[in-house]
Amino acid sequence: MLTLYGSTTSPYVRRLRIWLANTEHTFVNLQIFEEQDRLALAAKNPTMKIPMLEDGVDEKAEVIFDSRVIYRYLTAKFADPNLTWEQENQLTLIDSANDSLVQMFILSNSDVKADEDKLFFKLQKERVNAVLLQLNDLVGDKQFSSWHYPSVCLYCLIDWIEFRQLHNMQGLNHLLTFHDENAERIEVTATDPRK
Ligand SMILES: N[C@@H](CCC(=O)N[C@@H](CS)C(=O)NCC(=O)O)C(=O)O
């Protein structure tokens, strides 16, 4: 029995909800910044980050942290092919922009103003700009034309950026087209964080 713990707004969780759309599993929707759910999460996962996967029940359950490791775990469990090194790099690009945006989002929710003269914000902005440009080029090179796992992750990143209004996507036309082309997939609409 597979149980995925997460939230409906996290882009890291959404990629796995989409990936597991045709696999029997239970989704536990946590409010990770609220006391009770936080305690429940901490009891199993001291990183206190979502997603988290549980395979099995009680003491016999395998508990896996981190979306990347969860994906590898699922790949091994269902004997799916591993990602290529090129796809691993695509995932690293996506995750690095995603991580920077998550950190800046948490800071803005902590009333810390994004001061571009400060090293922290300079570094994150530089990374996000460079990575999104590179991903835009890769989409232009047709590397995301099939709906493989990196495509799912890329979609979740772009859609989360739009949902939270985190970055001006003007000019990143390949990314915007890629987003539009995949927006009506059933597993995408079913996991829309706006619902
Ligand atoms: N490397 C992790 C990142 C997961 C992550 O950053 N999750 C966010 C939600 S989008 C989180 O749980 N943040 C809680 C915190 O930073 O305290 C993964 O791929 O699963």
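Start at 1 and go down the list; that is how both ligands and their atoms are numbered.
Between the side chains of Arg127 and Ser100, at least one donor N or O sits under 3.5 Å from an acceptor N or O. When only modelled atom types and interatomic distance are considered, Asp159 and His179 share a side-chain donor-acceptor pair under 3.5 Å. Between the side chains of Glu187 and Trp147, a donor-acceptor pair is found at a separation under 3.5 Å. Checked by atom type, the side-chain pair Thr92/Arg68 shows a donor-acceptor distance below 3.5 Å. One side chain, Ser151 or His148, offers a donor N or O that lies under 3.5 Å from an acceptor on the other.
The protein heavy-atom contact nearest to atom 10 (S) of ligand 1 is Ser10 OG, 3.1 Å. The single protein non-hydrogen atom nearest to atom 12 (O) of ligand 1 is Ile50 N, 2.9 Å, given as residue, atom name and distance.
Near Ile32, meaning under 4.0 Å from one of its heavy atoms, ligand 1 places the atoms 12 (O), 14 (C). Counting atoms of ligand 1 from 1 in the listed order, those under 4.0 Å from a heavy atom of Lys49 are 12 (O), 16 (O). The distance from ligand 1 to the heavy atoms of Ile106 drops below 4.0 Å at these ligand atoms: 16 (O).
For atom 19 (O) of ligand 1, the nearest non-hydrogen atom from the set Cys153, Ser67, Pro51 belongs to Ser67.
Taking only nitrogen or oxygen atoms, main chain and side chain alike, Asp66 reaches within less than 3.5 Å of ligand 1. Considering backbone and side-chain N/O of Val102, none are found under 3.5 Å from N/O of ligand 1.
For Arg14 and Trp160, the positive end is not near the middle of the six-membered ring at less than 6.0 Å and at most 45° from its axis.
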